[in-house]
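Here is the structure we will look at.
Because only heavy atoms are used, hydrogens play no part in the values below, and waters and symmetry mates are left out as well, while side chains stay in. In the text below, chain A, chain B and the rest are named by the order of the sequence lines, each starting its count at 1. All values reported here derive from a predicted model rather than from experimental measurement.
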Amino acid sequence: MAAHVLPPAPPVQRPRVLMVATAFASAAVVMVFITLLGIYLNERATVLDAGSKWLPEGATIPLQQPNTIFITLLMSVISIAWAANAISKNDRVNAYLALGLTLMLGFASIVMTTYLWTLMKLDIEGGVQGVLIYTITGAHIVMLVVAMVFVALMSIRALGGQFNSRERDGIGAAALFWYSMVAVYALIWIIIYVTK
Amino acid sequence: MALTDTRPESAEASAVAPALAPSPITIFGTGDHKAIGTVYVVAALLFGVAGWVVNALVSLHAVGDGSFLSADAFQTMFTLDRLGLILLVAVPLFLGLATYVVPLQVGAATVAFPRAAAAALWGWLLSSGVLIVANCIDGGLDGARPKAVALGLLALGGLVTSLLLGTVSVLTTAIALRTPGLSLGRVPMFTWSSLVGGAVWMLTLPALVAAVLLAWVDQRYGTGDSFGAGAQWKMVGWVAATPQIYAVLIPGLGLALDAVATLVGVRLPLRGVVQFAIGAFGVLSVGVFAQSLFYADYTDQALWIVMSLAIVVPVLLVLAALGTLFKAGRPRLASPLGLAVVGLLLTLLGAVAGALMVFSPLELLDNGVFAAGQFNLVLAAAVTFAAAGVMYWGPKITGRTPVDAAGKLAVLLFLAGGALAGLPMCVLGFATKFTGLADANDALMWLSGIGAVVLALGALVVLAGLLSGARKGAPEAGADPWGTGQTLEWACPSPPPTGNFGTLAVVRSPEPLLDEEA
């Protein structure tokens with residue numbers, strides 16, 4: 001039995017716990033989508049190799065709405081970067097404005113996606129295509145909602161006086177998750193909507 | 001208050017030592033990483049007892065004409081056994097130990113995001129319960145009752161997500177809350193292997209979530225024909241197959257080295273090489289590509305063949321490091337040492353068995369028995385490593401010295417049980433080449449079943465060993481009960497008070513306590 005007495009260390013300097021955790025969480029979520037899209041590509045190749053069409057009879061996937069969603073999300077990337085930049089300069093007014101705009105653009109993307117679902121005329125009970133497309137796009141909506149909750153939470157904390165040029169991990173972490181969400185949509189856009 | 005609201009480093013130290021075991025009521029609301037880790041370990045050991053009994057029943061089904069269980073019951077028990085031993089036993093055991101020990105090893109006041117860690121624990125426990133109930137009502141993977149299957153899939157998804165949330169807490173602690181001077185090159189081997197293992201889990205288990213999500217959507221909203229019965233186990237079975245199965249072992253490698261270095265009383269040599277070996281083991285256990293439903297011929301792929309063969313090399317490197325430790329020091333015959341050695345031997349057996357599967361002329365993949373034997377070897381190794389951790393850190397957890405005789409009995413049980421549960425099946429795997437072996441089918445499967453029961457007993461004995469430290473009259477452990485502690489967890493009282501160290505410690509080498517004594 002022994003006792004050890006070590007000299008005290010100075011306080012930890014700004015451990016970026018939220019940023020690190022968000023990076024791990026984002027990687028995990030991206031892996032979920034990479035797996036789903038991998039399965040999608042594999043199933044589509046199997047159907048096409050058999051000489052059949054991928055989409056069932058009567059189903060259609062227009063490109064206009066996916067393009068609009070993609071552009072909207074690209075704009076949201078600019079707005080969340082604007083928020084992170086503004087908070088790094090202690091410019092709180094611009095940060096609030098950018099965070100609000102980001103949330104609005106996220107909400108617009110949800111609305112557009114649900115509208116796209118009504119246009120597709122794709123029955124989830126019609127086969128593997130419906131299950132895959134609705135699972136992937138639905139999971140992305142869930143990711144978008146989580147990102148919006150994250151941004152909203154950080155916005156409330158910013159409104160409460162937290163975050164400044166030295167302590168801005170919350171906004172940075174929310175921005176990181178938002179970028180991941182948009183990157184995932186870019187994959188969905190290419191794989192499901194463009195190369196359908 | 002949000003999960004992210006309190007910075008872990010702001011937790012204040014308390015001069016008052018906590019009770020040996022938190023009361024059941026306070027456990028429910030606690031964000032204390034010690035209580036969370038302890039609940040993980042105790043629950044996973046209990047699941048381990050049940051899991052190895054189910055494993056024995058699955059083995060005994062192969063005795064005789066295979067009528068011991070009905071087809072539905074066998075399917076349910078087989079899938080629950082495979083997933084249960086991984087997700088209800090091995091991973092939570094290591095996650096629990098990591099939640100308890102990693103903050104102590106890196107000199108942190110608490111785990112990062114303590115409330116997220118608590119949410120992960122309760123989410124895992126709740127999901128585990130629902131998964132077991134769903135399996136009991138024929139809702140296992142490929143089960144016959146669609147609504148029960150949907151419930152089971154939902155529970156499985158929640159279970160994996162909870163484990164991932166807990167892993168994020170541990171990983172963030174190891175990355176962002178290390179005390180000054182403790183670079184990644186200096187972290188204790190258990191922290192390093194938890195970092196590697198956690199990273200591998202973070203990158204691979206989401207693929208399991210994706211598969212479960214697809215199956216659940218098809219089961220709940222579709223017709224259940226696309227990813228329904230018959231396809232579900234093929235979608236998730238890769239988790240229990242080579243090479244992904246090795247991912248459950250990763251934290252155990254570092255744990256074994258930490259325990260042996262302490263009990264031998266010398267510094268671990270060639271730390272860089274050992275860290276590389278554990279990292280390589282982690283990389284080679286990424287098996288997310290090996291999904292038989294989508295890539296039926298993955299066992300013919302060069303990637304799978306190379307990974308299955310190469311995984312033996314890091315295991316040999318770790319064993320070489322172990323040998324160097326034994327040569328340089330004077331081993332103390334305590335139970336964690338024995339359990340660590342047994343765990344490494346079982347790991348080597350499992351890795352060699354996995355490498356043998358590559359050689360197609362041996363036809364070891366044909367009947368699935370050899371793979372089942374390899375699964376048992378690897379899972380026995382994982383549970384043995386975890387048992388070593390429980391006995392090694394037991395005095396730290398309870399604050400009192402546990403009965404080491406229980407640990408020494410566990411060494412024998414895990415050695416015998418691991419070998420019996422795995423090796424007879426591996427031998428039987430050669431039956432396609434040596435037809436005479438088929439006559440020994442019943443005897444070998446009986447041996448395997450007995451081995452699984454012995455492993456269940458081992459888990460029970462380890463649990464008893466841990467609890468023996470909480471008995472009245474047990475000698476107090478003190479901060480460093482082994483007297484040769486090298487890493488920071490042995491610098492704080494046993495059990496650690498709230499805030500662990502009070503003020504964070506500063507370190508100048510991988511073995512700060514040895515520096516202090518020098």
Side-chain angles (χ1 to χ4, degrees), chain A residues 1-25 27-43 45-46 123-132 134-136 138-139 142 150 153-154 156-157 162 167 169-170 173, chain B residues 2 4-5 7-9 107 112-113 116 164 167-169 171-173 175-177 179-181 198-199 202-207 209-211 213-214 217-218 221-223 225-227 288 294-295 476-481 483-485 488 490-491 501-507 512-513 516-517:
Chain A
M1 194 183 298
H4 303 281
V5 182
L6 292 168
V12 178
Q13 297 298 311
R14 294 182 59 223
R16 308 185 74 186
V17 285
L18 191 52
M19 199 61 135
V20 171
T22 305
F24 279 119
V29 175
V30 169
M31 276 305 295
V32 169
F33 283 96
I34 287 177
T35 306
L36 287 172
L37 290 167
I39 294 171
Y40 177 89
L41 288 171
N42 187 69
E43 291 293 306
T46 305
D123 188 359
I124 196 168
E125 295 183 339
V128 68
Q129 298 89 339
V131 173
L132 277 165
Y134 283 118
T135 302
I136 294 169
V142 172
F150 198 170
L153 185 64
M154 293 306 133
I156 292 166
R157 288 173 65 173
Q162 293 187 29
E167 289 284 334
D169 277 4
Chain B
T4 57
D5 208 28
R7 282 193 170 279
E9 73 274 21
F113 309 113
L164 288 173
T167 305
V168 168
S169 287
L171 290 177
T172 307
T173 307
I175 292 283
L177 293 181
T179 195
M202 290 299 297
L203 289 177
T204 54
L205 291 184
V209 175
L213 181 64
L214 265 182
V217 169
D218 187 37
Y221 299 104
T223 57
D225 295 334
S226 303
F227 303 103
V288 71
F294 307 110
Y295 306 102
E476 289 198 9
D480 181 8
T484 48
L488 286 178
W490 305 114
F501 296 93
T503 50
L504 292 173
V506 66
V507 297
L513 303 195
E516 177 209 355
E517 284 160 4

**Message:** Among B/Leu213, B/Thr167, B/Val168, B/Thr172, which residue has the highest count of heavy-atom pairs closer than 4.5 Å to chain A?
**Reply:** B/Thr172
**Prompt:** Under a 4.5 Å heavy-atom cutoff, which of B/Thr223, B/Leu214, B/Asp218 has the most pairs with chain A?
**Reply:** B/Leu214
Non-hydrogen atoms of [X] and [Y] that approach each other most closely:
X	Y	answer
B/Ser226	A/Gly127	OG-C, 3.5 Å
B/Ala112	A/Val17	CB-CG1, 4.4 Å
B/Phe113	A/Ala21	CE1-CB, 3.1 Å

**Asked** Side chain, backbone, both or neither: which part of B/Leu203 has a non-hydrogen atom closer than 4.5 Å to chain A?
**Response** both
**Message:** Quick check on B/Asp225 against chain A: is it the side chain, the backbone, both or neither that has a heavy atom closer than 4.5 Å?
**Reply:** neither
**Asked** Checking heavy atoms, do the side chain of A/Ile136, its backbone, both or neither come under 4.5 Å from chain B?
**Response** neither
**Message:** With a 4.5 angstrom heavy-atom cut-off, is it the side chain or the backbone of A/Ala139 that approaches chain B, or both, or neither?
**Reply:** side chain
Counting C-beta onward and ignoring hydrogens, is there a side-chain heavy-atom pair between [X] and [Y] closer than 4.5 Å?
X	Y	result
B/Val217	A/Tyr134	no
B/Phe294	A/Glu43	yes
B/Phe227	A/Val128	yes
B/Leu164	A/Phe24	no

**Complete:** With chain B, the option among A/Thr46, A/Ile34, A/Ile39, A/Val29 that has the most non-hydrogen atom pairs under 4.5 Å is A/Ile39
**Complete:** When rounded to the nearest 0.5 Å, the distance separating CD1 of B/Ile175 from CZ of A/Arg16 is 13.0 Å
